[in-house]
Amino acid sequence: MFPIEYFIGLILIGICAGFASGLLGVGGGFLIVPLQYFLLKYIGVEPDLAMLISLGTSLAIIIPTSLSGAYRHTRKLDNIIQPGIRLGVFGIIGSALGGFVASMLPSRILEIIFGCLLLFITVNNIVNINKEREDAKIPFNMISIGIIGLVVGFSSGLLGVGGGVFLIAILTALLGFSMIEAIGTSSIFISLTAIGGFLSYIVSGWGVSTFPYSIGYVSIINFALIACFSVPLASIGAKYAHKVPQKKLKIVFSILVLYMALKMLGVLP
């Protein structure tokens with residue numbers, strides 16, 4: 001039913017997204033969503049359905065992948081667990097809401113939203129590329145935790161990403177976190193946030209999706225094959241994150257996000 005290159009593509013997605021997830025604390029959704037989307041369209045899946053499957057399956061994959069990276073980060077940083085869990089509780093609620101909204105929007109609108117947000121994050125990272133740590137501009141209290149958790153969680157469910165690309169930018173630019181602290185905190189946050197969005201894509205796609213071997217908008221085949229490689233690679237990526245200088249992490253992060261932004265906006269083929 002599926003061509004061999006489809007399975008090869010899924011394996012490559014798992015390897016790349018898993019390593020990026022552990023190294024950059026982003027869950028890998030910014031790679032998993034567009035790459036799955038392009039792969040599904042390649043085998044003839046209708047664009048709107050391909051986008052929803054990519055979003056829902058991405059969130060399912062992010063849960064075990066980010067947990068793998070988070071475990072490795074907590075062994076090095078013991079001050080990231082509490083903020084990660086607090087943000088994640090609100091993130092679950094926001095993610096569930098975002099997932100239901102996404103099921104009602106055309107795929108092209110989601111592509112443009114995704115691309116614009118990634119482009120904004122790239123610019124922010126380039127502007128602050130030489131800063132090891134910025135001063136906190138807002139207090140880290142229950143009000144800011146609730147607002148940030150809900151907003152980033154909503155974007156997570158809407159765009160099928162863990163929300164790490166957004167959370168890291170907020171933690172480093174507004175809350176005074178170092179890059180490695182933001183990466184570790186993000187890993188914990190996205191492992192929780194993805195749960196809400198994942199469940200919403202199952203419910204909203206129940207009885208709707210015509211893609212083989214899927215539950216709602218979550219493809220069992222895609223999940224199993226990608227997660228099989230992304231989970232162990234996330235642990236390896238997290239290990240290297242503590243050895244790479246923060247400036248280099250920002251550069252790698254910015255290049256990857258810029259590429260995916262231009263791809264989603266249609267600037268690159």
Side-chain angles (χ1 to χ4, degrees), residues 17-18 20-30 32-33 55-56 58-102 117 121 136 138-203 218 227 230-231 234-235 237-238 241:
S21 172
L23 183 69
L24 303 172
V26 294
F30 74 108
I32 297 173
V33 171
L55 294 170
S58 171
L59 288 167
I61 296 164
I62 283 169
I63 298 170
T65 302
S66 57
L67 278 173
S68 175
Y71 173 72
R72 174 73 69 168
H73 284 299
T74 56
R75 293 176 64 183
K76 296 282 187 178
L77 301 167
D78 58 4
N79 62 335
I80 63 173
I81 298 176
Q82 190 177 77
I85 292 176
R86 286 181 176 179
L87 286 162
V89 170
F90 288 97
I92 291 174
I93 300 170
S95 180
L97 293 172
F100 282 114
V101 171
L117 286 171
I121 290 165
I138 60 174
F140 191 69
N141 53 31
M142 287 308 296
I143 295 176
S144 62
I145 288 172
I147 294 173
I148 292 169
L150 286 171
V151 171
V152 176
F154 183 81
S155 69
S156 168
L158 183 70
L159 303 172
V161 298
V165 286
F166 313 127
L167 184 64
I168 290 172
I170 292 171
L171 292 179
T172 54
L174 298 180
L175 293 167
F177 280 55
S178 69
M179 188 66 178
I180 194 64
E181 288 171 344
I183 288 173
T185 303
S186 174
S187 295
I188 297 171
F189 169 81
I190 58 185
S191 64
L192 296 172
T193 300
I195 295 172
F198 157 68
L199 293 175
S200 70
Y201 278 98
I202 288 180
V203 174
V218 177
S230 66
V231 171
S235 181

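Values below: all heavy atoms of this structure, side chains included; hydrogens, waters and symmetry mates excluded.
Listed by chain and number, the residues in a side-chain contact (heavy atoms from CB on, under 4.5 Å) with L150 are F90, I93 (sequence neighbours excluded). In this view, V101 and L105, F154, L158 satisfy the side-chain contact (heavy atoms from CB on, under 4.5 Å) rule, not counting sequence neighbours. Partners of I195 under the side-chain contact (heavy atoms from CB on, under 4.5 Å) rule, at least two apart in sequence or in another chain, are I63, L199. Under the side-chain hydrogen bond (donor to acceptor under 3.5 Å, both in side chains) criterion, S230 pairs with T65, sequence neighbours left out. By the side-chain contact (heavy atoms from CB on, under 4.5 Å) test, R72 is found to be paired with R75, S235, A238, K239, residues two or more places apart in sequence or in another chain being considered.
Going from atom CD1 of I147 over to atom CG of N141 covers 8.5 Å, rounded to the nearest 0.5 Å. Between L167 atom CG and F189 atom CZ the span is 5.5 Å, to the nearest 0.5 Å. To the nearest 0.5 Å, atom OG1 of residue T185 and atom CD1 of residue I170 are 13.0 Å apart.
Of all non-hydrogen atoms in A96 and S200, the two that sit nearest each other are O-CB, 3.5 Å. When all heavy atoms of G88 and L192 are compared, the pair lying nearest together is CA-CD1, 3.9 Å. The heavy-atom pair separating I183 from L23 by the smallest distance is CD1-O, 3.6 Å. Looking at every heavy atom in both residues, L175 comes nearest to P139 through CD2-O, 4.0 Å. Scanning all heavy atoms of the two residues, the minimum distance from S178 to T172 falls at O-CG2, 4.1 Å. The two residues S186 and I168 come nearest to each other via the heavy atoms CB-CG1, 3.8 Å.
Partner L77 forms a side chain to side chain contact (heavy atoms under 4.5 Å, CB included) with one of I81, T74, N79 and no other, that one being N79.
Side-chain atoms of S68 come within 3.5 Å of backbone N or O of V231 as a donor-acceptor pair. With hydrogens and angles disregarded, no donor-acceptor distance shorter than 3.5 Å links the side chain of T193 to the backbone of I190.
A ring-ring contact (aromatic ring centres under 6.0 Å, His included) check over residues 62-86, counting only residues at least two apart or in different chains, returns the pairs H73-H242.
Taking the side chain as every heavy atom from C-beta outward, L87 and F140 approach each other to under 4.5 Å. Within the 4.5 Å cutoff, the side chain of I62 has no heavy atoms near those of the F198 side chain.
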